[in-house]
Amino acid sequence: MKFLKNFFEKTEPYVQKGAKYHWLHSVHDGFFTFLYVPKHTAKTGTHIHDYIDLKRTMSIVVLALVPSLLFGMYNVGLQHFLAIGEAASTGFFDMFLYGLLKVLPVVIVSYGVGLGIEFAFAQMRGHEINEGFLVSGMLIPLIMPIETPLWMVAVATAFAVIFGKEVFGGTGMNIWNPALVARAFLFFAYPAQMSGNSVWVALGKNDVPIDGFTGATPMADAAAGNINFSVADAFFGFIPGSIGETSTLAILIGAVILIVTGIGNWKIMVSTIAGGVVMGILLNIFAGSQGLSPEAATFFGVPFWQHLILGGFAFGAVFMATDPVSATQTEKGKWIYGFLIGILAILIRVVNPAYPEGMMLAILLMNTFAPLIDHYVVQGHIKRRMKRAKVTA
């Protein structure tokens, strides 16, 4: 890899201010700092030097997403061969290869469009290119149905980067999670292509599903009053769903990586789960209430702990709610923020029959209120300290 470093060092003078290719400075610097340690040093003021920088932070999050990505590839192939009735005669590697060929283009489009826009904005502003999109570029494919057209992935990614991030000033300035902005954009702009049973299973033009196979997710079945999924399949991820959200086990592996490395905030994860458990128990209590339709009563009666392994709850709690930019910053605020996400996610999921999933909307809503939560937490600290100061005086 030394030849790459020599290439960057030899071409560096040509992209400096006033040089012939000065307009490529941000791109040149972005690639160099991604591959190697930046050569910049602190010149003034007091600085705290740490081995954890933005590049390492983003790299660890991407590493934590790898189990979900790899299992998602396998599950895409598994659901395809289950749909056409050939799962029993198809080997593991054939299933994985089929899923790889389906998922890889989505990842490439996400990174290609997102990084292209990031580079363009950095050049126009004369800023350094940040590594913030390394995570968003992976999250966007993982929360998409496999049958989402590539052009829609490209449009959603562009919308998320421009209107969900760059208009606020770029990395570290956005108020909403960019990946969820992309998912919300597609859901409200193209609802027909983002809902139903056919979007969760990849089928070719000549593929004919076997009799009895619907492709419906356990969440959709539960909302319709049909509780017929296997808890083991839901936990391990052998069910239809978004590419990276089906396997709770793979998500837990990612959670361990984030917590051990100190990148992901365990308080938000735990409080989100606590909020989901509390709301699930409350809904279980009201499952036998009069006035509920049979379908609603069935969904209200889903055991609270099963909500944690269905849909995007686990993935959202581990990878979305913990986004350090759009989440709360105060320690007490993190508990409040996560707990309300869990409450709202299960409430929206069960009470709203038109949308049997609530994690996306719950996180985006709490992203909006995160600064307000921090404000009241800080003001509460100030009032308590003022009271102690008066007593002391």
Side-chain angles (χ1 to χ4, degrees), residues 68-87 90 95-96 98-107 109-110 139-153 156 179-180 182-184 186-205 207-224 226-251 299 306-307 309-316 349 353-360:
S68 296
L69 173 65
L70 295 178
F71 184 86
M73 291 177 176
Y74 167 73
N75 191 51
V76 167
L78 172 64
Q79 297 304 319
H80 165 78
F81 288 106
L82 284 174
I84 62 177
E86 298 180 5
T90 305
M95 292 183 182
F96 182 82
Y98 182 90
L100 172 67
L101 296 177
K102 285 291 184 178
V103 174
L104 192 58
V106 184
V107 177
V109 168
S110 174
L139 287 174
I140 290 174
L142 293 182
I143 61 176
M144 294 289 175
I146 186 59
E147 284 292 84
T148 306
L150 294 180
W151 69 267
M152 285 175 53
V153 176
L180 287 178
R183 184 71 168 81
L186 287 182
F187 179 79
F188 291 109
Y190 305 99
Q193 290 84 354
M194 298 298 292
S195 57
N197 296 340
S198 61
V199 301
W200 310 108
V201 180
L203 293 175
K205 293 182 179 179
D207 290 332
V208 179
I210 60 175
D211 293 339
F213 187 88
T214 64
T217 65
M219 287 295 304
D221 280 340
N226 302 318
I227 307 297
N228 56 3
F229 64 90
S230 165
V231 173
D233 286 347
F235 177 76
F236 291 109
F238 306 120
I239 55 175
S242 296
I243 295 172
E245 293 183 348
T246 61
S247 177
T248 306
L249 176 61
I251 295 167
F299 207 5
Q306 291 186 9
H307 279 290
I309 61 175
L310 292 178
F313 189 92
F315 192 87
R349 170 186 289 186
Y355 186 58
E357 178 58 90
M359 204 58 180
M360 174 187 75

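Counting from 1, the numbers follow the sequence of the chain as shown.
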- Query: Minimum heavy-atom separation for Pro218 to Leu310, with atom names?
  - Reply: CB-CD2, 3.8 Å
- Give, for atom CG of Leu249 and atom CD1 of Ile309, the distance between the pair rounded to the nearest 0.5 Å. 11.5 Å
- Task: May I ask you to check whether Phe71 and Phe238 place their ring centres under 6.0 Å from each other?
- Result: yes
- Tightest non-hydrogen contact, residues Ala202 and Ile146, listed as N-CG2, 3.7 Å
- Query: If you round to the nearest 0.5 Å, how far is CG of Leu186 from CE of Met152?
  - Reply: 4.5 Å
- Message: Evaluate Tyr98 against Met73 for side chain to side chain contact (heavy atoms under 4.5 Å, CB included), listing each step before the verdict.
- Response: CA-CA 8 Å; Tyr98 182 90; Met73 291 177 176; over 6 Å; no
- Short question: side chain of Arg183, backbone of Ile143 - any donor-acceptor pair under 3.5 Å? yes
- Note on the structure: Interatomic distance, CG@Leu203 vs CD@Gln79, rounded to 0.5 Å, equals 10.5 Å
- Task: Report the C-alpha distance between Val231 and Gln306 in whole Å, list the side-chain angles of each, state the deciding distance to 0.1 Å, and finish with yes or no for side chain to side chain contact (heavy atoms under 4.5 Å, CB included).
- Result: CA-CA 8 Å; Val231 173; Gln306 291 186 9; 3.9 Å; yes
- Query: In chain order, what residues pass the side chain to side chain donor-acceptor pair (under 3.5 Å) check against Tyr74, with sequence neighbours excluded?
  - Reply: none
- Task: Could you please spell out the steps behind the side chain to side chain contact (heavy atoms under 4.5 Å, CB included) verdict for Met95 and Phe81?
- Result: CA-CA 8 Å; Met95 292 183 182; Phe81 288 106; 3.8 Å; yes
- Message: For Met144, is there any backbone N or O sitting under 3.5 Å from a side-chain donor or acceptor partner on Thr148?
- Response: no
- Work out which heavy atom in Gly241 is nearest to a heavy atom in Trp200; give both atom names and the distance. C-CE3, 3.4 Å
- CD1 of Ile243 to OG of Ser68: how many Å apart, nearest 0.5 Å? 11.5 Å
- May I ask you to test the Leu78-Asn75 pair for a side-chain heavy-atom distance under 4.5 Å? yes
- Task: Determine the minimum heavy-atom distance between Met194 and Pro145, stating which atoms define it.
- Result: CE-CD, 3.5 Å
- Task: Please round to the nearest 0.5 Å and tell me the distance separating atom CD1 of Ile84 and atom OG1 of Thr90.
- Result: 6.5 Å
- Message: So does Phe236 get a backbone contact from the side chain of Ser247, meaning a donor-acceptor N/O pair under 3.5 Å?
- Response: yes
- Closest approach of Ala234 to Thr248 (non-hydrogen atoms, all atoms of both residues): O-OG1, 3.9 Å
- Task: Check the pair Leu142, Phe315 against side chain to side chain contact (heavy atoms under 4.5 Å, CB included), reporting the backbone distance first and the verdict last.
- Result: CA-CA 10 Å; Leu142 293 182; Phe315 192 87; 4.0 Å; yes
- Item | Rounded distance [0.5 Å steps], NZ in Lys102 versus CD in Glu147 | 6.0 Å
